[in-house]
Amino acid sequence: MLYGRMTTEEIKLSIIEKLKREFGCDITDATPQQIWQAVGMTVRDEVMERRAASHGVRKQEKAKKLYYLSAEFLVGRALHNNMINLVNEKNYLEALEQLRVPVPQIFEQESDPGLGNGGLGRLAACYLDSLTSLQLPAMGCTIRYEYGLFRQKIVDGCQVEMPDNWLANGNIWEICRPNQTVDVHFGGRVDCVEEHGRTVFKHVDYKTVRAVPYDMPVLGYDSTMVNMLRMWSARAEQSIDMNEFNRGQYARAMEERELAEVISKVLYPEDTHREGRELRLKQQYFFSSASVQYAVNDFIEVYGKNFDIFPDKVAIHINDTHPAVAIPELMRVLMDEHGLGWDEAERIVRRTFAYTNHTIMSEALEKWPEDMFKNLLPRIYMILEEMNRRLCARLWKVYPGQWERIGRMAILGYGQVHMANLCVAMCHTVNGVSQIHTEILRKQTFHDYYLVEPRKIIPITNGITHRRWLMMANGALSDLIDEAIGPDWRAHPEKLSALAPFAEDGAFREKFAAVKRANKQALCAYLERTQGAVLRPDDIFDAQAKRLHEYKRQLMNVLSILVTYNRIVEDPNFVMPPRTFIFGAKSAPGYGRAKLIIQLINALSTLIKKHPRASKMLNIVFLENYNVSSAEVLIPATDVSEQISTAGKEASGTGCMKFMMNGALTIGTLDGANVEIRQAVGPENIFIFGMRLEEVERAERTYRSSEVYETNVEIRRAMEQLIDGTLCPEDPRRFQDLYHTLLFGDWGGRPDQYFVLKDLPDYLRAQGELLKTWQNQDDWRAMAVRNVAASGVFASDRAIAEYNEKVWHLKPLEL
Ligand code: 26V
C-alpha cells in the first residue's frame with residue numbers, strides 16, 4: 001500500500017485552490033474544461049510525487065530496462081485511469097460528488113490522445129500498463145503526433161476525415177525534456193576516410209531534425225513505480241531563417257521549419273504517393289533513431305562504455321516492423337560514434353532486439369524502394385548492404401545453390417528493403433500474437449527462417465489490461481465481482497476464475513443482468529448525447545467494433561442483417577427478439593472499398609428505419625469516431641461480440657477479449673484469439689461458425705462464389721439488392737463495386753477473396769442458434785458469467801509475464 005494518498009477533504013481543497021490560482025475563478029463559475037484541468041492537476045500532483053519518489057531507483061539498482069518502440073500507443077484518457085491506479089478513486093469520486101461536479105461530463109473534457117489507429121496501438125498501451133503494474137522498468141517510445149490519425153465524421157452516410165487536434169487544450173500529463181533533445185540526420189552522403197589505420201565512415205551534408213522528448217507518466221495499479229511513455233516531437237534546427245524574414249520573405253523564412261516539423265504532424269500519412277511513403281520512412285527513422293540514441297546515452301550514464309553488458313541492461317522491442325530501422329541504427333551508433341568493430345556491434349545488436357509480428361497481410365509487410373531508402377538514409381543503407389551480404393553468405397551455407405529461397409529471405413532484394421526479413425534475421429526472438437498466427441508465421445510467412453532457427457519464433461497470445469477494461473470501464477460489474485469473490489482479482493486477474501460457480505446462482509445472475517442493463521442505458525444516453533442516436537435499451541446489443549477491413553468482414557455482417565430484413569419484410573408473421581447492431585470502424589482514408597462498406601452500413605440503417613415492422617426488430621447504429629473512450633462505454637453494454645474474420649487473417653484480435661471480460665457472448669470464426677477464447681470458456685459458451693484454416697486453404701484453390709450465389713436464394717436476393725436501387729435509390733450503382741468484387745473479383749484476383757458468401761450460410765445458422773439461446777435468459781446470463789470468469793488468462797499481466805520470462809528477462813523493481 002502507498003503512502004501520502006490524498007483524503008477527500010484535501011482533494012476538494014486542492015481543486016478549489018487550483019481553480020483560483022490557475023483560472024481566477026471558483027467552482028460555481030468555472031467552465032467544465034477548467035474544472036477538468038483543476039481535477040487533472042490535482043491528480044497530477046499525486047502522480048508526480050510518486051514519480052519523484054521512484055525516480056533514480058532503477059539507475060541505483062542498475063536494473064535492466066526495456067524500450068518498447070511502437071508507431072502507435074492508443075493510451076486513451078488518463079484522468080480516471082490514474083485515479084484508479086493511485087488506488088484513490090473513491091476519494092476522488094466522493095470529492096467531486098461533494099463539489100456537485102457531474103463526473104462523466106468532466107471526464108469527457110479530456111481529449112483522447114490520437115496516438116494510434118487500432119489493435120497494435122492499444123496493445124502497446126495495455127502492455128505499458130502491465131509492465132508498470134508488475135514493476136518492470138520500461139519506456140514506451142513513439143512520435144508525438146500533433147494531429148493523431150483523424151477524427152471521423154459521418155456526413156450523409158460517408159466517412160469524412162477531420163484533423164484530430166487533441167493537443168488544442170494543452171496536455172497536462174506531459175513533461176517536456178528539452179535537455180534530452182537529440183539530432184536525427186537525413187540525406188547527405190557518406191565519405192570513407194582512413195583514421196589511425198582503420199576505415200571510418202563519415203556522414204556529411206545531411207539535414208538535421210531535432211527530436212524533442214515529451215514524457216507521459218504511466219502508473220501501475222497500487223505500484224510505487226512510474227514508467228514513461230516518451231513521445232518524440234520534430235523541431236527544425238533553426239526555428240526561423242532571419243535572412244529571409246528580414247527580406248520580407250515570410251513564407252520562405254518558415255519553410256525549413258515546416259518541412260522538418262511535418263514529421264510529427266500525423267500518424268500514417270497517406271502513402272498513395274511517393275511523398276507520403278517518404279514521409280512515413282522519415283517518421284520511422286526519426287523516432288527509432290532518437291530512441292536508440294537515448295537508450296545508448298542512458299546506458300553510458302550508468303555503465304560507462306562497457307558495451308559488452310549492453311544486452312544485459314537494455315532490451316529493445318520492435319512492435320511490428322515500423323521501428324525496424326532501430327536495428328541498423330544501433331549498429332551505426334556503436335560503430336560510428338563509439339568505435340566498435342562490426343563483429344562486436346553485431347553481437348550486441350543480436351542480443352538486444354526482439355520483434356513482434358502483428359499481421360500476415362502482405363500489404364502490411366513493409367518494403368521500401370532501395371533508391372528512396374538510400375537517398376534518405378545513406379549510412380543506414382550501407383549498413384544494411386553489409387548485413388545483407390553477411391546474411392546471404394550464411395544462408396548460402398545452409399541452402400547451397402537455392403538462390404530463390406535466399407532471395408526471399410534477404411534484407412535487400414529486387415530493388416527493395418524488406419523490413420520483416422531484417423527483423424527476423426537480426427532479432428533474437430520473434431513472436432506471433434496468438435497460437436494460430438504463430439503457426440502461420442512458422443509454416444508460411446517466415447517458413448524459410450523457421451527451418452534454419454526453429455526456436456526463434458514463439459507464440460505469446462495477446463492480452464488486455466483488466467484495470468482499464470473492467471475496473472475502470474465497468475465499475476458496477478467490478479463491484480459485483482468483489483461482492484461475490486472478494487477483491488483479490490484486481491491485483492491477480494487470473495483469480496476471476498473463482499466467479500465460475502456463480503453462473504449457476506440465480507440471484508447472482510439477476511444482479512449481473514441488472515448491471516448489464518444499466519450499462520446499456522449508459523450507452524443509450526452516451527449515443528444520444530454525442531450523436532443524437534436513439535436506441536432501445538432492451539434490444540440485444542450486438543457490436544462489431546474494429547478497424548474497417550475486408551478481411552474483418554463487416555460486409556458479411558451487413559449481408560446477414562439484410563437477409564434478416566428480407567425475412568421480416570416478406571413474412572408478416574415473422575418475429576424475433578429486437579436487436580440493435582452497433583458498428584464502430586474507421587477506414588484508412590485511401591481505402592475506397594472500406595469507405596464504401598461504411599456507406600453501405602448507413603444505407604441499410606436508413607432502409608430499415610423506413611420500414612415500420614422491420615424497424616421494431618432491427619436497428620443499426622454507426623458509432624462515429626470509434627476510439628478508446630467510446631469503446632469504454634460500448635463494451636460493457638454489449639451482449640454479442642462479432643469476431644468474424646476469415647480464418648487465418650486476424651493475427652489475434654484484442655477487442656474479442658475486452659467484450660468477453662465484460663460478459664458479451666462471442667459469435668466468431670476459429671481465427672486469431674477466438675481459438676483460445678473457445679478453449680478457455682468451452683465450446684458450449686461461444687458461437688463458432690465458418691471455415692477452419694485448412695478449409696480456407698483448400699477453398700483458395702477450389703472456391704467459386706457464383707455457386708453460393710446460384711444455389712442460395714436468400715443470398716442471391718441480398719446481393720441483387722446491392723445493385724437494384726433498394727439501398728440507394730438515388731444512385732443504384734453506388735454499391736456495384738461490392739457486388740462485383742464478391743462475384744467476379746478485381747484486378748484479375750479471385751472473386752470473394754475473403755469468402756464472405758462462402759461463410760454466410762453458416763453464419764446465418766449460428767445467428768439462429770444465438771437467438772434461440774437469448775430466448776432463455778437464464779442460459780444466456782450463465783454463459784455470460786462463464787465468459788467473465790474465463791477471461792483472466794487474457795489479462796495483459798499474463799502476456800507481459802510471458803514476454804518477460806521468454807524474451808526480456810527484466811527484474812521487478814522493489815521500492
Ligand atoms: C499496417 C498498415 C498498412 C498500411 C496502412 C496503414 C497501416 C497501419 C498499420 C498497420 C499495421 C497494423 C497491424 C495491426 O494493427 N495489427 C493488429 O495487431 C493486433 C495486436 O496484436 C492484433 O490483435 C490484430 O489482430 C492485428 O490486426
Side-chain angles (χ1 to χ4, degrees), residues 68 70-74 115-127 142-143 145 148-150 161 266-273 276-277 279-281 283-284 317-324 355-368 419-420 423 430-438 440-441 445 459-465 545-553 585-595 631 643-660 668-669 671-677 754 794 796 799-800 802-803:
Y68 194 92
S70 176
E72 306 180 28
F73 279 89
L74 259 185
L115 301 175
N117 163 51
L120 164 109
R122 184 52 233 176
L123 187 79
C126 284
Y127 282 1
T142 191
I143 296 176
Y145 305 102
L149 186 66
F150 61 83
E161 299 97 27
V266 301
L267 170 62
Y268 300 134
E270 213 11 81
D271 66 349
T272 37
H273 37 75
R277 303 230 354 109
L279 179 53
R280 282 200 193 184
L281 181 55
Q283 289 186 323
Q284 297 188 357
H317 204 87
I318 306 279
N319 198 31
D320 228 43
T321 54
H322 312 127
Y355 156 63
T356 301
N357 173 284
H358 292 269
T359 177
I360 56 147
M361 304 297 288
S362 55
E363 66 268 28
L365 288 180
E366 286 191 305
K367 298 184 189 71
W368 300 105
M419 302 313 265
C423 291
V430 173
N431 78 284
V433 291
S434 70
Q435 290 167 8
I436 186 175
H437 171 234
T438 308
I440 294 171
L441 292 182
T445 321
I460 301 182
T461 298
N462 282 167
I464 56 160
T465 169
K546 48 186 81 251
R547 283 178 310 139
L548 214 138
H549 200 289
E550 286 163 278
Y551 82 76
K552 297 180 188 274
R553 299 200 292 195
K586 286 186 184 176
S587 155
Y591 188 174
R593 185 165 298 145
K595 287 180 145 177
Q643 307 300 339
I644 60 178
S645 53
T646 315
K649 298 290 187 260
E650 187 71 271
S652 160
T654 45
C656 52
M657 303 169 184
K658 296 163 199 161
F659 282 108
M660 175 198 198
T669 48
D671 193 21
N674 293 351
V675 175
E676 281 118 300
I677 290 184
Y754 296 107
F794 300 108
S796 42
I800 286 299
E802 270 183 55
Y803 273 97

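For ligands, and for the atoms within them, numbers begin at 1 and follow the listed sequence.
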Is it the case that ligand 1 has an N or O less than 3.5 angstrom from some N or O of [X]?
X	value
Ser652	yes
His358	yes
Glu650	yes
Asn462	yes

Ligand 1-proximal atoms of [X], by part, heavy-atom distance under 4.0 Å:
X	answer
His549	neither
Tyr591	neither
Leu120	both

For residues Cys423 and Thr321, report the shortest heavy-atom separation together with the two atoms involved.
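Minimum heavy-atom contact is SG-CG2, 4.3 Å.
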Using ring centroids (six-membered ring only for Trp), state whether Tyr355 and His317 fall under 6.0 Å.
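Ring-ring flag for His317/Tyr355: false, centres at least 6.0 Å apart.
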Met657 touching ligand 1 at heavy-atom level, < 4.0 angstrom
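Met657 does not count as a contact of ligand 1 under the 4.0 Å cut-off.
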At a 4.0 Å cut-off, with the gap strictly under it, does some heavy atom of Gly653 reach an atom of ligand 1?
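Gly653: in contact with ligand 1 (<4.0 Å).
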Cationic N near anionic O, under 4.0 Å, Glu270 to Arg277:
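Arg277 and Glu270: not salt-bridged.
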Atom 11 (C) of ligand 1 [closest protein heavy-atom partner, distance rounded to 0.1 Å]:
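In this structure, atom 11 (C) of ligand 1 has Asp320 OD2, 3.8 Å as its nearest protein heavy atom.
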For ligand 1, which atoms sit closer than 4.0 Å to a heavy atom of Tyr551?
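Those qualifying, in numeric order: 27 (O).
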